[in-house]
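In listed order, ligands and their atoms are each counted from 1. Predicted model, so just to flag it, every value in this text is computed and none were measured.
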Amino acid sequence: MPQSADNVLDHAPLFREPEYKEMLAAKKALFECGVGDEKIAEQTEYAKSWEYREKNLSREALVVNPAKACQPLGAVFASAGFEKTMSFVHGSQGCVAYYRSHLSRHFKEPCSAVSSSMTEDAAVFGGLNNMVDGLANTYSLYAPKMVAVSTTCMAEVIGDDLQSFIQTAKDKGSVPQEFDVPFAHTPAFVGSHVDGYDNMVKGILENFWKDKERSEGASINIIPGFDGYCVGNNRELKRLLDMMGVDYTILGDASDQFDTPSDGEFRMYDGGTKLEDVAAGLNAKATLSLQHWNTRKTLEYVAEKGQETASFHYPMGIRATDELLMKVSALSGKAIPEAIRMERGRLVDAMADSQAYLHGKKYAVYGDPDFVHAMARFILETGGEPIHCLATNGSKAWEEEMKAMLETSPFGKNCHVWAGKDLWHMRSLLFTEKVDLLIGNSYGKYLERDTGTPLLRMTFPVFDRHHHHRFPLWGYQGGLRVLTAMLDKFFDIYDDDTIIPGETDYSYDLTR
Ligand code: SF4
């Protein structure tokens, strides 16, 4: 036996020991009825071809490795941004186990949410009793200040009416009549998690703003959007706005909720936008969305209430940050201070210092529509080419907008935009039109394995690296971090490529 108490082998080295290799080979030969190594090699080669790519891109019904999640995940994330708010997903409980584990694995933090645990009988008779009992239990067990209700697809298919169910639950005394229970229908079969975010934020605003008269003040509302980097990003955003002296409210700030300290006390709730600030947000001068494709319905609603609105695409890099800060400055009447101007200049300086290593580099980028937009734009700023820009949850309108953005730079001329495509499509693209770097999330590691394209993890979810979300990608500081991460990856590649003594190490330079 290879195991010994002094040197315990876990699964990675253990199954490479001779007896395990022998056992697995015998199992394969005797019982697996495989097609044979030659056939597998032939098929693997074929999957790299242009012919296979054409077949792959013409898929109509089958989706393989989509880079998106379902609406309620976005609703659970959105609810986490509000003070002492419990997310209540009306429907089947397996969904909630998945949302919680998905968010926990990314943030390495607890994620609280409850389910009304509908089962087969509720599918026939409706989930009213589940709502009545579920709200009562949630209210008494977890002492929330607000319960934000969304739906799983089962509740949507049977057509449960949230508004009347919640009212009935209040009438039956599950929660006090005046207790805040905003709700949003979040059908998993429409859009993606970013639409669930949009619906939930809109539901929360409606809860506080409906039938209220507005008297315009000077403050600005900011909606960050679904963002796996909210911890670092929201803190960076607040730092910049505080430096400018702007009066603002972030509508949905999960930066503390997903970053509580380990000091002997578990905090079910931490931070978040105060409910009275959400209510007061009706009187803001304007509402800005930092992720356009996450907030279309919400901004429509805000505009109906009489506020000025504007939206951005994830403020990362020089021009995207410039645009956000200039808009904030114009709305608030506050100048952009010298200290922020210096930060900008330092990012420009860093980009100039490293330009030789980034010019002409080719990239593939995937993720949510706003992230892909921002990342591609920043790549253009560094003189790189975002050859493949893919968003499974990107629409035709997003595709058009992306193309227009790419046309603004000569580096965008050979680039393609892939709306509605998945990571199996991306696999074919990487085999047939090679790039230097793939930028995406942890699911990209399988593309790295299959195609040999190095992966940079820059967007949700990041399951197999720790704590990236604690550092910002937004603003000039965030841009510096993205720039450094890209450069580190390229320098590691240069070093790996030149490390063999007497063979390639004539280029193994000390100074790069
Ligand atoms: S797709 Fe439907 S069943 Fe699956 S997690 Fe989403 S809501 Fe639940």
Side-chain angles (χ1 to χ4, degrees), residues 59 61-80 85-107 110-128 130-131 134-135 138 147-163 165-166 181-204 225-228 254 258 293-294 297 367-369 391-395 420-424 441-443 459-461 463:
R59 267 190 282 135
L62 178 69
V63 177
V64 186
N65 295 345
K68 67 167 186 176
C70 64
Q71 282 211 32
L73 180 81
V76 170
F77 176 87
S79 310
T85 295
M86 180 55 79
S87 197
F88 180 113
V89 192
H90 180 56
S92 41
Q93 70 180 30
C95 308
V96 177
Y98 150 62
Y99 312 137
R100 295 180 62 197
S101 65
H102 209 64
L103 291 164
S104 284
R105 286 168 183 178
H106 172 80
F107 289 110
C111 171
S112 298
V114 300
S115 165
S116 62
S117 298
M118 286 168 64
T119 52
E120 290 85 343
D121 55 342
V124 177
F125 302 110
L128 176 60
N130 302 66
M131 179 69 80
L135 277 182
T138 307
V147 175
V149 179
S150 55
T151 48
T152 74
C153 54
M154 175 217 196
E156 284 300 315
V157 169
I158 66 170
D160 278 3
D161 178 350
L162 291 183
Q163 183 164 19
F165 282 17
I166 292 168
V181 188
F183 63 92
H185 285 275
T186 50
F189 40 82
V190 178
S192 72
H193 56 289
V194 300
D195 300 285
Y197 177 93
D198 192 6
N199 286 329
M200 194 71 249
V201 175
K202 179 175 176 240
I204 291 171
F226 185 99
D227 182 17
F258 287 125
W293 298 105
N294 287 229
K297 284 190 189 167
D368 287 340
T392 307
N393 50 356
S395 60
K421 299 297 183 195
D422 56 43
L423 297 187
W424 193 256
N441 58 24
S442 288
Y443 290 96
T459 192
F460 180 87
F463 290 154

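Less than 2.8 Å away from atom 8 (Fe) of ligand 1, the protein contributes these N/O/S atoms: C95 SG.
Here the side chains of F460 and L103 are in contact, with some heavy-atom distance below 4.5 Å. Annotation: side chain of M131 is in contact with side chain of V149 (closest heavy-atom distance under 4.5 Å). Here the side chains of M200 and S79 are in contact, with some heavy-atom distance below 4.5 Å.
Sparse packing is recorded around CZ of F125, with 12 or fewer heavy atoms of other residues, nucleotides or ligands lying under 6.0 Å away.
In this structure, Y99 has a heavy atom closer than 4.0 Å to ligand 1.
Aromatic ring centres of F183 and F165 lie farther apart than the 6.0 Å criterion allows. You'll find the ring centres of H193 and Y99 outside the 6.0 Å limit.
For atom 2 (Fe) of ligand 1, the nearest protein heavy atom is under 4.0 Å away.
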For residues 86-98, which side-chain N or O atoms pair as donor and acceptor with protein atoms under 3.5 Å away, sequence neighbours left out?
| residue | atom | partner | partner atom | Å |
| --- | --- | --- | --- | --- |
| H90 | ND1 | S116 | OG | 2.8 |
| H90 | NE2 | D160 | OD2 | 2.8 |
| Q93 | OE1 | S117 | OG | 2.8 |

